[in-house]
Each structure stands twice: as structure tokens, then as C-alpha cells.
Chemist: 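Below is one structure. I have some questions about it.
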Amino acid sequence: MAPFRILSFDIECAGRKGLFPEPTHDPVIQIANLVTLQGSDRPLVQNVMTLKSCSPIVGVDVMSFDTERDVLLAWRDFIREIDPDIIIGYNICKFDLPYLLERAEVLKIAEFPILGRIRNSRVRVRDATFSSRQYGVRESKEITIEGRVQFDLLQAVQRDHKLSSYSLNSVSAHFLGEQKEDVHHSIISDLQNGTAETRRRLAVYCLKDAYLPQRLLDKLMYIYNYVEMARVTGVPISFLLSRGQSIKVLSQLLRKAKQKYLVIPNIKGQGSASDTFEGATVLEAKAGYYEKPIATLDFASLYPSIMMAYNLCYCTLVTPEDARRLNLPPESVNKTPSNETFVKPEVQKGILPEILEELIAARKRAKADLKEAKDPFERAVLDGRQLALKISANSVYGFTGATVGQLPCLEISSSVTSYGRQMIEHTKKIVEEKFTTTAGYEHNAEVVYGDTDSVMVQFGVPTVDAAMNLGREAADFISGTFTKPIKLEFEKVYFPYLLISKKRYAGLYWTNPEKFDKMDTKGIETVRRDNCLLVKNLVTESLHKILIDRDVPGASQYVKNTISDLLMNRIDLSLLVITKGLTKTGDNYAVKAAHVELAERMRKRDAATAPNVGDRVPYVIINAAKGAKAYERSEDPIYVLENNIPIDPQYYLDNQISKPILRIFDPILPNARKELLQGSHTRALSKSTPSNSGIMKFAKKQLSCLGCKAVISGSNQTLCSHCKGREAELYCKTVGNVSELESLFGRLWTQCQECQGSLHQDVLCTSRDCPIFYRRRKAQKDMAEAKLQLDRWNF
DNA sequence: AGCTTGCTGAATACACACCTATTGC
DNA sequence: CTGCACGAATAAAGCAATAGGTGTGTATTCAGCAAGCT
């Protein structure tokens with residue numbers, strides 16, 4: 001089969017006003033295109049279609065047009081000529097494609113929206129909302145272009161990766177290690193209305209936006225992964241981006257049922273969303289810091305293997321009524337712990353177990369092939385396949401328990417979890433009964449924690465090697481007590497292990513006794529996205545010092561230094577940005593929350609840049625009157641930066657840092673609270689910049705002495721009478737300060753120029769995801785202030 | 001007049017239920 | 001074959017758990033004031 005032809009594109013339009021640029025006013029001014037063949041990194045075509053003249057770009061076909069109509073029609077012809085199989089871009093489904101179509105409509109270009117592979121078939125657009133517990137609410141548009149797959153990288157990344165920000169800039173930085181500049185929409189108009197040279201600048205920017213999605217597609221192996229997934233589950237690729245998990249399971253069910261001449265009922269509005277079933281057992285966490293190795297035993301694909309072992313399926317379920325009618329002998333049925341009856345495979349083999357068997361067997365083959373494969377291309381294919389199979393297997397159980405889904409069957413899902421609960425309890429019991437001193441082992445084993453399909457065991461032995469051997473022995477022994485194919489596996493050892501509570505722990509992860517693989521953290525601030533970076537870094541660094549370096553005093557000192565920096569206002573604003581997802585529209589919230597209120601406020605300020613449902617809202621907490629609620633104190637970081645609003649360090653200490661740090665240090669450091677949060681380092685408070693709101697509005701600004709800050713009056717504008725003699729020294733200090741800030745600003749500026757790919761042009765970027773941006777802006781402000789001070793010497 | 005006492009409303013503290021976000025498996 | 005009006009259905013894996021914030025009701029503390037006493 002010929003490789004796919006992939007088109008990546010991006011558009012720029014002038015003057016975005018309002019939420020969506022106004023199609024009646026704002027013309028499309030540029031379209032950048034990049035065509036590649038799948039698996040090749042050499043572009044087939046690179047071009048830019050622009051309105052008005054544009055200076056040439058090396059290696060790029062620049063096409064200038066006089067009217068917007070010509071631009072749009074040129075693009076349509078280009079699509080037809082290139083005939084791409086796959087159209088990609090960033091946010092093309094919600095922005096670029098619908099915008100082009102609406103714009104064509106406004107300009108009455110009826111012949112524009114014929115882009116598909118069916119003759120004379122028009123492209124159709126429909127509003128679509130997708131909502132699921134897993135992905136939240138997402139608004140998008142469904143665009144039908146027959147014969148071409150649209151693959152929006154934004155949608156794919158949002159589904160597959162949990163990130164704090166999904167801007168193209170931040171996603172590229174994360175996966176490709178390279179940033180792009182973020183240009184504010186007002187500047188786009190200026191560049192377009194400038195000269196051929198500034199339009200060239202815009203074209204380069206636009207091209208980069210087409211270039212990055214292509215790189216992401218490649219790097220994340222999306223084609224392989226999604227094509228494999230589509231093949232395995234039997235759904236179109238578009239479903240994988242626009243629909244949920246359940247359609248995949250349903251599709252497999254239908255395929256299998258057809259082979260067996262079975263039909264699947266079309267159930268409507270049966271199970272209500274309120275009826276639910278009991279889930280898995282989470283064993284009580286014996287919280288603490290363990291300095292002996294903890295072995296972890298895991299069931300391999302627990303729920304799928306339960307469904308296979310006990311033949312759980314729609315077609316093997318025996319309802320009480322069936323039981324009376326059929327009068328089955330007890331030896332031909334299984335009774336589940338939740339008191340449901342299913343026939344054994346000898347009577348009737350279930351469809352679900354068959355689907356699962358195939359998925360798991362195929363995954364095993366894929367994994368084995370993966371091990372053999374050396375060629376990176378082949379490895380990518382096989383890894384994509386095994387991942388797809390794993391995910392498919394895991395969502396079969398969820399499908400049966402989805403009461404608002406197409407085919408709920410709580411008898412199956414509650415049986416699965418009831419077996420699971422029984423099994424984890426059984427495992428815990430066996431481990432603690434078998435591995436005892438009375439049975440000849442060195443120590444009594446103790447299960448310190450376990451969740452759903454795993455148990456964490458402290459065998460009491462001091463070395464990783466010994467723990468591994470006992471872990472393997474236990475796994476083999478216990479596996480033997482279960483029905484096939486249920487299997488308990490020894491997977492890893494944690495040493496040392498910090499158990500904070502259920503679903504929250506950290507430890508060093510060992511799979512071979514010589515060296516640990518990594519530091520593993522679960523559920524704590526290091527992996528959560530609703531904390532500011534400062535907390536994340538602080539916790540990560542502390543754990544690193546405690547677990548890897550075994551340096552508790554060092555960790556403690558590090559925490560103290562950070563707290564001191566925070567209270568002295570020496571922390572970079574980008575580290576204090578908290579982000580939270582906006583999960584529903586403003587008025588659907590029952591209580592006021594910081595990010596929701598801020599989103600509303602931002603909408604009033606400028607609807608174009610305000611966050612929408614499904615977006616993540618970044619904010620910082622600013623200083624305010626005592627007793628003000630957090631939702632009154634949240635503010636957009638860029639707004640804070642632009643208006644010099646003081647943040648509230650005390651809030652960050654009390655509400656962000658203190659509890660997570662104490663949770664970590666409490667089991668390790670006696671008197672952690674006193675030591676870390678109440679020491680002398682917490683007393684050095686720097687005065688924050690007075691804000692121009694509230695009471696400070698009435699305060700009159702007076703000059704103060706540059707030497708001692710005393711208020712001065714009269715003719716002397718620089719120094720008070722006391723400091724008069726130190727004139728030379730203080731002047732040098734001011735000059736030194738200015739030059740230091742200038743060089744800092746210069747360095748940051750250069751860094752941004754490098755990022756934008758040119759050292760000869762102005763930096764336009766205002767990316768709220770980039771730490772350098774915040775530092776550059778701050779340096780600029782500080783520098784301006786220092787210069788003002790310097791000016792006062794020249795009276 | 002100056003002090004104490006008792007009352008009252010406001011401010012504060014605290015426990016509790018509930019909502020929201022997020023993660024683990 | 002296309003465009004338009006109208007109506008109906010659409011689709012959504014699961015539960016367990018922690019933590020932070022808001023709102024509410026109740027208890028406690030405190031400042032301010034008037035009355036009473038010396």
C-alpha cells in the first residue's frame with residue numbers, strides 16, 4: 001500500500017474580535033501548508049498563500065494574491081491537486097477548517113467547500129459536544145470531508161496525555177523540546193498591514209504552526225497507533241478522536257456476534273445513571289516510611305482474566321427466571337460472589353471472554369515481536385499495536401458497567417469486581433499466613449497496602465535481592481491457588497518506600513537488584529496538575545533528596561530556602577501559576593471556585609482570550625483584604641504581570657506548600673512542622689508593591705531617599721541629609737543595579753529570539769506557558785524601575 | 001468621676017456536609 | 001438533484017479515594033456601652 005499523503009496546515013486571520021473571529025469582518029490573510037509522505041521527514045511541498053505581497057522565504061513556495069477569494073480558491077485547488085489522505089493541524093477542527101468554510105460563505109464562494117473525494121459533494125459542518133467522565137466536556141465541530149481523515153493534534157494530545165496546558169507552544173516544548181512564539185492577535189493585524197517584510201515574518205510564524213503538528217504526529221507515532229487501534233476495534237479513525245471508549249467495545253461485540261449469528265438488542269433508556277455497583281477493595285494503608293524493601297505483587301490484567309476464568313458474558317448469564325426454566329445442574333454453572341449465575345464454557349462459551357482472549361493473545365504476540373524487532377519503524381508499529389490491545393482489553397469491563405451506555409449489564413460488572421475483591425483479600429491472607437517465622441521464614445510478612453489488583457508486602461528482609469526472591473516465590477505459590485488464566489505476578493520492589501495514604505505513595509522502583517530503575521510517585525503533588533510548579537518542584541526535589549540521596553537535613557534545608565525565597569518575593573511568577581480544568585459552563589457550578597470566577601471575569605475583560613469549557617484556567621492568588629475568599633483573589637498571571645499586582649506569598653505557604661510538605665516530612669523528621677514552617681526563615685517578609693486599588697488609591701506618593709528610604713522633601717530629589725555624604729557610593733550602586741538588570745534582560749531577550757528562530761527581529765511572543773516570558777517581562781519592568789531611579793541623580 | 005459589671009451584637013472559630021478536581025487501578 | 005422545513009434522537013467505560021475549598025450552623029470570644037456602685 002502506498003504511504004499516506006499527509007497535509008498539515010494553519011491559517012492566520014486579521015483582527016480577532018470576540019470569541020471566534022467575526023467571519024463577516026475578519027479576512028483570512030494567510031494559509032501555510034506542509035505536505036509529507038508518511039514515514040518520510042522530507043517535505044513534499046511547503047508553501048504559504050498570502051494576501052498582499054510577501055518577501056520570499058528560502059525553500060518555500062510563497063504565493064501572493066490580491067483578494068481573499070483568490071487565496072481561498074487557491075487553497076481549494078491545492079487540496080484537490082495534492083489529494084491528501086490525512087489532513088492535520090492544531091485545533092483545525094474547532095478553528096481553521098470551520099473558519100475557512102464560514103469565510104467562504106460570507107464571501108459567497110459557493111464553489112469553495114468541495115474538498116472531499118466525492119465529486120460535487122460539499123463539506124458539511126455540524127456543532128458537536130462530547131462529554132464523558134473520562135475526558136470531560138469538549139465542544140467541537142464535526143466536519144465531513146469525504147475520503148480524507150482529519151486528525152487534529154490538539155484533540156489527540158488532549159486525549160492521550162495529561163498536561164497542564166495544551167497550547168501548541170507548551171505541547172511542543174513538552175514533546176519536541178522546542179518552543180514556538182505565541183503572538184498576540186492584535187500584532188497579527190499590524191504585521192499584515194505592514195510591509196512585504198513584516199508579512200514574511202508572519203508567514204514564517206504561520207509555517208511553524210503547520211510544521212509543529214507534523215513533527216508531533218511523527219514523534220508520537222500517531223499514525224501507527226491510531227491505525228492499529230482502528231483495525232483492532234473496527235471503528236473509523238475519526239471515532240477514536242470524536243467518540244469515547246464504549247463505541248470501540250460495541251464495535252468488537254458486533255463483529256464477534258455477527259460471526260456467531262447472534263443479534264444484539266437495541267436497549268433504550270433502561271438503566272438509570274443513579275444505580276451503581278460496588279467497585280474494588282483498597283486495602284488499608286499502613287502509612288509510614290519503610291526502610292526495608294517492599295515487594296509488589298500484581299494480578300496481570302485482573303478484570304479481563306476474571307471474565308475469562310469465569311466465562312462472564314451477556315450470553316452466559318443465567319437470570320433467576322432462566323434458572324427455573326432451564327433447570328441447569330449445579331456443576332454446569334458458576335455462582336459469583338455477588339450471587340449471579342453464569343454457565344460454564346462447556347455449556348456455552350461467552351463472547352466477551354473470546355474477545356478478551358484474542359486481544360490478550362494478540363498483545364502477547366505484539367510484545368514478543370516488539371522484543372525481537374530492531375528496526376525503529378517496525379518497533380513503532382508493534383508498540384502501537386500492543387498498546388491498542390491493552391487499552392481495548394481494559395475497557396470491556398467498563399462497558400458492561402456503563403449504565404448510561406448502549407448495553408449495560410451490571411450483573412457482569414458487579415461479578416467482576418466481587419471476584420476481584422475476594423482475590424485481593426485472599427492474596428493478603430495467604431501472604432501473611434504462609435510467610436511467618438513459625439513456617440521457617442526469617443521474618444513475618446506484612447501487607448502494608450494494596451489497591452484493586454496489587455499487594456505491597458514487607459517480607460522483613462533487608463536486601464532488594466532477598467525481597468525479590470520471596471516476591472517471586474509468593475507470586476508463584478498464590479497463582480497456583482487461582483483458576484486459570486488468573487495469574488499473580490511479582491513485578492517490582494520499592495525501597496525505600498514512603499506510604500502517605502491510600503492511592504498516595506512514593507518510592508524507588510527496582511526491577512533488578514543491582515540498581516533502581518526510577519523514582520516512582522503516585523497520587524502526590526508531583527503528579528497532580530492542580531498544584532503550582534513551585535509545590536511540584538519542591539516536593540519532587542525533597543523526595544529526591546530523601547529517597548535517593550538519603551539526605552534528610554539537605555531536604556529540610558532546601559524546603560527552608562524555598563520558603564524563605566517565597567516570603568521574600570524572590571520566586572518567579574511562572575512557578576506560582578495554578579491551573580484547573582473548567583469542567584462545565586459558568587452557571588452550572590453550585591459553589592464559587594477560584595478558576596471559575598476568574599474565567600467569568602476574563603470573559604468580561606476580553607472574550608477572545610477567556611477560557612472555555614474543557615480548557616484549563618491558569619491563575620495566581622493575589623493579595624487582598626483579610627478574610628477574602630480564594631475566588632476573589634484569583635487572577636490571570638499575565639494580567640498580574642502587566643499591572644504589577646502583588647501576589648500573596650502567605651497564601652502559597654499556608655494553602656499550597658505547608659500540607660504537602662508536612663505529609664512527606666512528618667513520617668521522617670520529628671517536629672517537622674516546627675522545623676520547616678516556623679523557623680527564622682519564615683520571618684523575613686518583604687514588603688509587597690503597593691497596589692493602586694483599595695486604600696492605596698488615597699495615599700500620596702512621596703519621594704524617598706535612595707540611600708535609606710527616608711521620606712524626603714524640599715529641593716533635594718535624591719538623598720536625605722544623612723546620606724548626602726555617601727553620594728558617590730550610592731550612585732555607583734544604582735548604576736551597577738541598572739547594568740545588572742540590563743544584562744539579565746538582554747540574556748532573556750536573546751533566549752526568546754533564539755526560540756523564535758531569528759536574532760535580527762523584535763520578540764513578539766506573549767506565551768503564558770513559558771517561564772522565560774514571565775522572567776523577561778519582570779526583568780523589563782525591574783529594569784525600567786531601576787532606570788527611573790538612575791534618572792533621579794540627573795537633576 | 002472613675003471603676004466594675006452585665007448585656008449585646010459582631011466577629012471569630014470550629015465542625016460538618018457538600019462540591020469540585022484529580023488521580024489510582 | 002438541491003434546498004428548505006420540521007421533528008426526533010443523539011452519546012457518554014467503571015468505582016475508590018484524597019484533598020482543598022465553600023457554605024452553614026453553632027459555640028466562643030471580644031469590644032463597646034450603659035447602668036450601678038463607691
Side-chain angles (χ1 to χ4, degrees), chain A residues 110 120-122 126-138 142 162 164 239 242-250 266 268-269 271 273 276-285 287 298-299 301-303 391-410 412-414 416-417 420-421 424 449-454 500-505 520-531 535 578-584 588-597 616-617 621 626-627 629-634 651 654-656 658-660 663:
Chain A
N120 289 331
S121 167
R122 289 171 171 274
R126 205 166 63 90
D127 281 325
T129 48
F130 173 82
S131 93
S132 87
R133 294 240 324 237
Q134 197 177 17
Y135 300 115
V137 179
R138 291 267 148 73
E142 192 185 302
K162 296 206 174 275
S164 311
F239 280 20
S242 65
R243 299 184 60 175
Q245 294 288 346
S246 73
I247 189 66
K248 295 195 257 181
V249 180
L250 185 65
N266 188 3
K268 282 193 194 109
T276 176
F277 61 96
E278 195 184 338
T281 299
V282 182
L283 296 178
E284 218 41 62
D298 281 270
F299 286 102
S301 317
L302 178 69
Y303 287 176
I391 293 165
S392 290
N394 285 339
S395 49
V396 172
Y397 141 81
F399 180 84
T400 66
T403 42
V404 285
Q406 290 100 326
L407 203 58
C409 183
L410 295 195
I412 298 175
S413 44
S414 60
V416 171
T417 55
R421 289 194 296 276
I424 191 172
Y449 177 57
D451 186 349
T452 311
D453 64 348
S454 66
I500 293 168
S501 67
K502 285 179 176 180
K503 301 191 190 285
R504 298 188 156 227
Y505 57 82
D520 199 22
T521 54
K522 289 285 157 81
I524 54 184
E525 286 69 22
T526 51
V527 296
R528 292 185 67 88
R529 292 178 295 170
D530 52 354
N531 286 95
V535 173
I578 302 166
T579 73
K580 280 206 166 101
L582 203 57
T583 56
K584 38 191 152 181
N588 285 330
Y589 278 90
V591 293
K592 291 174 175 173
H595 61 299
V596 184
E597 295 291 303
R616 295 191 68 78
V617 186
I621 297 292
K626 193 160 149 269
K629 301 284 186 193
Y631 61 79
E632 296 167 320
R633 299 202 274 156
S634 55
Y651 174 88
D654 295 344
N655 299 49
Q656 294 281 126
S658 95
K659 284 184 182 169
R663 280 195 288 266

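Just so it is clear, the values below take in all heavy atoms, side chains as well, and ignore hydrogens, waters and symmetry mates. The sequence lines fix the lettering, A, B, ..., with proteins before strands; numbering per chain opens at 1.
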Chemist: Give A:G398 one of three labels, base, sugar-phosphate or nothing, depending on what nucleic acid heavy atoms sit under 4.0 Å from its own.
Modeler: base
Chemist: Any chance you could encode DNA chain C as dot-bracket? Rule is Watson-Crick or G-U wobble with both distances under 3.5 Å; [ ] for pairs crossing earlier ones, | for another strand.
Modeler: .............|||||||||||||||||||||||||
Chemist: In terms of relative ring orientation, are A:H595 and A:Y589 parallel, tilted or perpendicular, with 30° and 60° separating the classes?
Modeler: perpendicular
Chemist: Would you find a donor on one side and an acceptor on the other, under 3.5 Å apart, between the side chain of A:T579 and the backbone of A:V617?
Modeler: no
Chemist: Assess whether a salt bridge exists between A:K503 and A:D451, defined as any Lys/Arg side-chain N lying under 4.0 Å from an Asp/Glu carboxylate O.
Modeler: yes
Chemist: Do the side-chain N or O atoms of A:Q245 get closer than 4.0 angstrom to the phosphate oxygens (OP1, OP2) of C:dA12?
Modeler: no
Chemist: Counting only N and O atoms by type, is there a donor-acceptor contact under 3.5 Å from the side chain of A:S634 to the main-chain atoms of A:A594?
Modeler: yes
Chemist: Using a 4.0 Å heavy-atom cut-off, does A:R122 contact any base of the nucleic acid, only the sugar-phosphate backbone, or nothing at all?
Modeler: nothing
Chemist: In chain order, what residues pass the salt bridge (charged side-chain N to carboxylate O under 4.0 Å, His left out) check against A:R138, with sequence neighbours excluded?
Modeler: none
Chemist: Could you tell me the boundaries of the chain A footprint on DNA chain B, defined by atoms under 4.0 Å from its heavy atoms?
Modeler: B:dC19 to B:dC25
Chemist: Mind checking if A:R243 touches a base, just sugar-phosphate, or nothing, with heavy atoms under 4.0 Å?
Modeler: sugar-phosphate
Chemist: So, using salt bridge (charged side-chain N to carboxylate O under 4.0 Å, His left out) as the criterion, who are the partners of A:K629 when residues are at least two apart?
Modeler: none
Chemist: Indicate, with a heavy-atom threshold strictly under 4.0 Å, whether A:Y505 touches base, sugar-phosphate, or nothing.
Modeler: sugar-phosphate
Chemist: Rounded to whole Å, please give me the gap between CG in A:L410 and P in C:dG14.
Modeler: 11 Å
Chemist: C:dA11 P sits how many Å from A:F399 CZ, rounded?
Modeler: 13 Å
Chemist: For residues 524-531 of chain A, please give each side-chain donor-acceptor pair under 3.5 Å, one per line with the distance, not counting sequence neighbours.
Modeler:
{"residue": "A:E525", "atom": "OE2", "partner": "A:R663", "partner atom": "NH2", "Å": "2.7"}
{"residue": "A:T526", "atom": "OG1", "partner": "A:T521", "partner atom": "OG1", "Å": "2.9"}
{"residue": "A:R528", "atom": "NE", "partner": "A:D530", "partner atom": "OD1", "Å": "3.3"}
{"residue": "A:R528", "atom": "NH2", "partner": "A:D530", "partner atom": "OD2", "Å": "3.3"}
{"residue": "A:R529", "atom": "NH1", "partner": "A:L163", "partner atom": "O", "Å": "3.0"}
{"residue": "A:R529", "atom": "NH1", "partner": "A:Y166", "partner atom": "OH", "Å": "3.4"}

Chemist: With a 4.0 Å cutoff (strictly under), does any side-chain N or O of A:S413 reach OP1 or OP2 of C:dG14?
Modeler: no
Chemist: Any chance the side chains of A:Q406 and A:S246 put a donor and an acceptor closer than 3.5 Å?
Modeler: yes
Chemist: Whole angstrom is fine here: how far is it from CG in A:L407 over to P in C:dA13?
Modeler: 14 Å
Chemist: Measure the distance from CD1 on A:I247 to P on C:dA13 and round it to the nearest whole Å.
Modeler: 9 Å
Chemist: Rounded to the nearest angstrom, tell me the gap between atom CD in A:Q134 and atom C1' in C:dA11.
Modeler: 14 Å
Chemist: With no hydrogens and no angle check, is any side-chain donor or acceptor of A:S132 less than 3.5 Å from a backbone partner on A:Y135?
Modeler: yes
Chemist: Output the distance between atom OG (A:S454) and atom CG (A:L283), rounded to the nearest 0.5 Å.
Modeler: 8.0 Å
Chemist: Can a donor-acceptor pair be found, under 3.5 Å and without considering hydrogens, that links the side chain of A:R633 to the backbone of A:Y651?
Modeler: no
Chemist: Regarding A:T583, tell me which of base, sugar-phosphate or nothing describes its non-hydrogen contacts under 4.0 Å with the strands shown.
Modeler: sugar-phosphate
Chemist: Rounded to the nearest Å, what distance is computed from the CG atom of residue A:D453 to the C1' atom of nucleotide C:dA16?
Modeler: 13 Å
Chemist: Does A:Y135 reach a base, just sugar-phosphate, or nothing at all? Heavy atoms under 4.0 Å.
Modeler: nothing
Chemist: Which nucleotide wins on minimum distance to the side chain of A:F130, given the candidates C:dC15, C:dA12, C:dA16?
Modeler: C:dA12
Chemist: Please report the distance, rounded to the nearest Å, between CZ in A:R138 and P in C:dA12.
Modeler: 15 Å
Chemist: Output one letter per nucleotide in nucleotides 18-25 of chain C: B when a protein non-hydrogen atom lies under 4.0 Å from the base, S when only the sugar-phosphate is that close, - when neither is.
Modeler: SSSSSS--
Chemist: Do the side chains of A:K592 and A:E632 get close enough for a salt bridge, i.e. N-O under 4.0 angstrom?
Modeler: no
Chemist: For the pair A:S414 (side chain) and A:L410 (backbone), establish whether a donor and an acceptor sit closer than 3.5 Å, ignoring hydrogens and angles.
Modeler: yes
Chemist: Checking all strands, does A:V527 fall into the base, sugar-phosphate, or nothing category for heavy-atom contacts under 4.0 angstrom?
Modeler: sugar-phosphate
Chemist: Under 4.0 Å: is that the gap between some side-chain N or O of A:S131 and OP1 or OP2 of C:dA12?
Modeler: no
